Amino acid sequence: MTRKKLLYIYMGGSRNVTSIHLKSRAQVRGMNEAGIDTHGYFFTEKVTEEEKLDDQLTLMPLPEYTGVHRYFQADHLSQFNYSHVLSVLKERAKDFDFIFLRHIGNGPAYEELLEFIAHKTLLYVPSNRIRERYCERRYTVHNSWASAFFGWWEYFTYWRREKRLMKKFYPRLKGIVTFTPEFGRIIQRESSKPMNIIYNRDGVDTAQVPARSSKQRTGEEVKLIFLKGSATEQRWAGIERLMRSIEAYPQLKFKLYITGNAYKQPERYDKPFVSLTGRLPFKELDALIDEVDLGVSNLENYLIHFEETTNLKSRDYYSRGLPFIQSNTMPDIEGTEAAEFYLYIPNDDSIIDMQAVFDFAIRMRENQDHPEEMHRFAVEHLDWGITTGELAKEILAS
């Protein structure tokens, strides 16, 4: 029996290691292992000619854009790039049974792209993009009225385009892939026409993310770590809420490590209990995770209208064997033995009960086997080989 062929398209690929890049590579690998002949085209400005990363992945060059515009230069560049992707697909899409496209934009050129490949396209929508854009505008401090005006003008243009996609184009696609059932329902409500919604949870490469050490953690201070993967300030992460809550419980000792880039408004983190580590090499990050008590996942996801998640950060914590706190439930964790390894925080802007957080950390300390138990669960239930296998099964059935 001839294997079905799938082309995986990702805008923004590079040789650099990022969480999204690793996820895309893992999905390509996983779908190949699950029986779908899959190849990834990662479009990027980082190369000038096609460059094979391996037998399954190719870095695809985006041509230089020489247009100059006084306003909305980024949008013009995006439309130019989508037109280039379309030109590539007009030559090569016929060789594939399915196109898996990470949702990358909107606008006239993007609509033309979707129009051409709609009958074979599975569109992966990784986030509630309208709400995220709204929060970015709502909480951005503008340095002038003009900056604020054009920022909101850009948002409303984006909002209109995104709504048009959901109403006119999504129902015509072969499938819409979302990382929670809840998000699938949110998208379906945007259109009066039925859509093929496919739930596929995020995973983790458990072979590359081993369990941390099982050493006894002691001391009166509870250490927390937030793995900041984004270069932007994401209000829904809830870091400000966490800092306010720690300050509201001065009798308890906490240390909060924030990794990654925090170069915008670093004064926001100027607290005696906060340590900005910057981007750490893997060995240094592993050593720090060995020392801390709890991880921190998003704490204000109500801002982007999510009550549940299967986000990458929670999967990473499970594979590392690091208990954590977050403001969402997880459809693939609730009702399992793994639910004891995270503490649910009310999904709002209230002061967090830091006594409960402290007690949870001490309880996890008392179970010195929790790193191995969490990692074993990740291997058996959360590995990309498992979650992508579920996706491949849905694709072949669609």
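Every value quoted in this text rests on a predicted model; they were computed, and no experiment measured them. Numbers here simply count residues along the sequence, with the first being 1.
By the side-chain hydrogen bond (donor to acceptor under 3.5 Å, both in side chains) test, T387 is found to be paired with no residue, residues two or more places apart in sequence or in another chain being considered. Listed by chain and residue number, nothing satisfies the side-chain hydrogen bond (donor to acceptor under 3.5 Å, both in side chains) test with Y257 (two or more places apart in sequence, or in another chain). By the ring pair (Phe, Tyr, Trp, His ring centres under 6.0 Å) test, Y65 pairs with F80, sequence neighbours left out. Residues forming a ring pair (Phe, Tyr, Trp, His ring centres under 6.0 Å) with H69 (at least two apart in sequence, or on another chain): H76. Contacts of K193 classified as side-chain contact (heavy atoms from CB on, under 4.5 Å), with partners at least two apart in sequence or in another chain: P171, S191. With sequence neighbours excluded, the residues that form a side-chain contact (heavy atoms from CB on, under 4.5 Å) with E380 are R376. Evaluation of the side-chain hydrogen bond (donor to acceptor under 3.5 Å, both in side chains) rule for K223 yields no partner, not counting sequence neighbours. Considering only residues two or more places apart in sequence or on other chains, K90 meets the side-chain contact (heavy atoms from CB on, under 4.5 Å) condition with L86, E112, F116. Evaluation of the side-chain contact (heavy atoms from CB on, under 4.5 Å) rule for Q368 yields Q216 as partners, not counting sequence neighbours. In this view, R185 satisfies the side-chain hydrogen bond (donor to acceptor under 3.5 Å, both in side chains) rule with no residue, not counting sequence neighbours. With sequence neighbours excluded, the residues satisfying ring pair (Phe, Tyr, Trp, His ring centres under 6.0 Å) with Y82 are Y110. F150 pairs by the ring pair (Phe, Tyr, Trp, His ring centres under 6.0 Å) definition with Y71, not counting sequence neighbours.
Ionic pairing of D349 and R244 is present here: one or more N-O contacts between side-chain nitrogen and carboxylate oxygen are shorter than 4.0 angstrom. For K5 and D95, the salt-bridge test fails: no basic side-chain N is under 4.0 Å from an acidic carboxylate O. Residues K168 and E111 are not paired through a salt bridge, judged by the lack of any N-O separation under 4.0 Å between the basic side chain and the carboxylate. In summary, D205 and R25 do not engage in a salt bridge, as defined by a charged side-chain N under 4.0 Å from a carboxylate O. For E190 and R129, the salt-bridge test fails: no basic side-chain N is under 4.0 Å from an acidic carboxylate O. One finds no salt bridge joining D202 and R315 here, because no Lys/Arg side-chain nitrogen approaches an Asp/Glu carboxylate oxygen to under 4.0 Å. We find that E220 and K253 are joined by a salt bridge, their nearest charged nitrogen and carboxylate oxygen being less than 4.0 Å apart. The pair E51-K46 does not count as a salt bridge, with every side-chain nitrogen at least 4.0 angstrom from each carboxylate oxygen.
For Q251, the CD atom sits in a packed shell: over 12 heavy atoms of surrounding residues, nucleotides or ligands are nearer than 6.0 Å. Heavy atoms from other residues, nucleotides or ligands lying under 6.0 Å from NZ of K283 number 12 at most.
Under 3.5 Å, the side chains of E132 and N128 contain no donor-acceptor pair of N or O atoms. Defined by atom type and a distance below 3.5 Å, a donor-acceptor pair is missing between the side-chain atoms of T38 and R29. Side-chain polar atoms of N311 and S297 form a donor-acceptor pair below 3.5 angstrom. Under the 3.5 Å distance criterion, with hydrogens and angles disregarded, a donor-acceptor pair is assigned to the side chains of Y8 and S24.
Residues M354 and L242 form a side-chain contact, since some pair of their non-hydrogen atoms from C-beta on lies under 4.5 Å apart. Side-chain contact between F183 and T310 is absent, with no heavy-atom pair separated by less than 4.5 Å. Here the side chains of Y124 and N200 are not in contact, with every heavy-atom distance at 4.5 Å or above. Looking only at side-chain heavy atoms (C-beta outward), T157 and F72 stay at 4.5 Å or farther from each other. You'll find the side chain of R320 stays beyond 4.5 Å of the side chain of H375, heavy atoms only. The shortest distance between side-chain heavy atoms of L252 and V222 does not fall below 4.5 Å. Annotation: side chain of R201 is in contact with side chain of L382 (closest heavy-atom distance under 4.5 Å). For the pair I9/L89, a side-chain contact is recorded, criterion being any heavy-atom separation below 4.5 Å from C-beta on.
Summarising the geometry, atom OG1 belonging to T58 is positioned 4.0 Å from atom NZ belonging to K52; distances are rounded to the nearest 0.5 Å.
Because its NZ or CZ atom is not both nearer than 6.0 Å to the ring centre of Y155 and within 45° of the ring axis, R137 does not count as a cation-pi partner of that residue.
In this structure, the ring of F324 has its center less than 6.0 angstrom from the ring center of Y318.
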- Message: What verdict does the ring pair (Phe, Tyr, Trp, His ring centres under 6.0 Å) test give for Y269 and F226, after you've listed the backbone C-alpha separation in whole Å, the side-chain angles of each residue and the deciding distance to 0.1 Å?
- Response: CA-CA 13 Å; Y269 307 102; F226 180 80; 9.4 Å; no
- Report the C-alpha distance between F42 and H21 in whole Å, list the side-chain angles of each, state the deciding distance to 0.1 Å, and finish with yes or no for ring pair (Phe, Tyr, Trp, His ring centres under 6.0 Å). CA-CA 9 Å; F42 289 9; H21 179 90; 5.5 Å; yes
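Hydrophobic clustering of Ile, Leu, Val, Met, Phe, Trp and Tyr side chains at less than 4.5 Å, counting indirect connections, keeps L62 apart from V68.
Of the listed residues (E373, H370, E372), just one forms a side chain to side chain donor-acceptor pair (under 3.5 Å) with S214, and that residue is E372. With E291 as the partner, the side chain to side chain donor-acceptor pair (under 3.5 Å) test is satisfied by one option alone out of R212, K255, K215: K215.
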